[in-house]
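Computed from a predicted structure; not experimentally measured.
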Amino acid sequence: MAIQTTKKVLSLPGGGIRGYLQTVFIDILINHYPFVTPFSDNFDVICGTSIGCINALGIAAGKPISQLSNLFLNDGPWIFTIRTAEDIALDSDNASEPSNLPDGAQKAAFLIENDPFYKAVSVNSNYGHTRLYDVIDTVLGDVKLNELNTNVLLTAFDTTTSQPVLFSNYTGNGYIGSNELAANVAKASSAAPVYLPTYSIGDIAYADGGLGANDPSQYGLTLAKRIGAYNGEDVTRTLVLDIGTGVLPPEDWATNYSGIPFVGAGLQLSKVIKATLAGSNILAANDLYYRDKYTTDDVFYYNYAPVLNTALYDPGLDNSSPEFLNYMYNLAYQWFDNDRANIDEFMGKFFA
């Protein structure tokens, strides 16, 4: 007779600089509940997309949450910046100012040239995608997926076949890359179109996993059950902790996208893209919530999804200003205080 078991899943969706909301909230949870150290040992599966993939892999590699948080504070402003006119005039490979975001006209020019906003001009540059790659290499080093502390599932998008893919250290059908460098997978999953260049592993150029599944919670849940079945276990109980990167109010889904001065058909397309990205997260979260509340499945789900104040702050994936970072820090604590009863209820089941 199969042994009845519980599986626990941590899901970290994408969201650019707003991944800071994930690390702050995780730090709050660690300080209030009896998680074991390292944090990865509390979960059977950790899944992530884009910046959530970077955070997921850092956690699965046993890195402290404080190190991941500091990446947003120290490196985020240099990842999301461009060279000034003076830098360009001096023919410098480096940016002299952090958080120097392109304005609408500059973004339009980048699009015309088919250049990502934050593609650095040199592998030696101190900003943009070069800075991001340096950060990822520093955090993950040469560890491979199959050397991580727990099972992982990471999303990416194969631009050759125009198909989403799932990287994992589990070698079952449907998953790839168990022997791949974690750093390569992080770079592939976080290659957000328009913002960052694609990243090639072998002959395949990958783009951001959010193009297929920005919230990978459902796929993490499936992997947990597959692992249980493979081990001859009867997985009768699952818990999914889904830590998002903030939610745009619905009335903002149809606003101008990323400050790019689109008009006509381009404007309509930008609205569709924005609503699609937000909608996929909501559908994934709602489905697991309904399974938790309205079915007989023993699936317990908690979704951290603070609504962003778009009237006061630009919620862009690239807004690395000190003001927005400080706002996200306070927002995480505000959410925890306001939703403490629901969090306590979920954690009671998590540690039961």
Subject >> Passing candidate, ring pair (Phe, Tyr, Trp, His ring centres under 6.0 Å) with F350, options F35, Y33, F300 >> reply: F35
Original post:
Are V139 and L68 side-chain neighbours, meaning at least one heavy-atom pair lies under 4.5 Å?
Top reply: yes
Original post:
Does any non-hydrogen side-chain atom of L239 lie less than 4.5 Å from one of T6?
Top reply: yes
Original post:
Going by atom types only, do N179 and N146 share a side-chain donor-acceptor pair under 3.5 Å?
Top reply: yes
Subject >> Close side-chain approach of F39 to L10, heavy-atom, < 4.5 Å >> reply: yes
Subject >> Residues H32, F336; criterion ring-ring contact (aromatic ring centres under 6.0 Å, His included); working and verdict >> reply: CA-CA 10 Å; H32 283 85; F336 180 76; 4.6 Å; yes
**OP:** State, with a plain yes or no, whether a side-chain heavy atom of D41 is found less than 4.5 Å away from one of N149.
**Re:** yes
**OP:** Inspect the contact between D318 and K107 and indicate whether a charged nitrogen and a carboxylate oxygen are less than 4.0 angstrom apart.
**Re:** yes
Original post:
Is the ring centre of F25 less than 6.0 Å from the ring centre of Y304?
Top reply: yes
Original post:
Is the cationic atom of K8 (NZ for Lys, CZ for Arg) positioned less than 6.0 Å from the six-membered ring centroid of F43 and within 45 degrees of its normal?
Top reply: no
Subject >> D93/R83 ion pair, N-O < 4.0 Å >> reply: no
Original post:
Tell me, do L29 and M347 make a side-chain contact under 4.5 Å, heavy atoms counted?
Top reply: yes
Subject >> Sole residue of I243, D242, N342 in side chain to side chain contact (heavy atoms under 4.5 Å, CB included) with Y302 >> reply: N342
Subject >> Single hit among K7, R226, K225 for salt bridge (charged side-chain N to carboxylate O under 4.0 Å, His left out) with E233 >> reply: K7
Subject >> Ring center gap for Y118 and F80 short of 6.0 angstrom >> reply: yes
Original post:
Under 3.5 Å, is there a donor-acceptor pair between the T155 and T49 side chains?
Top reply: yes
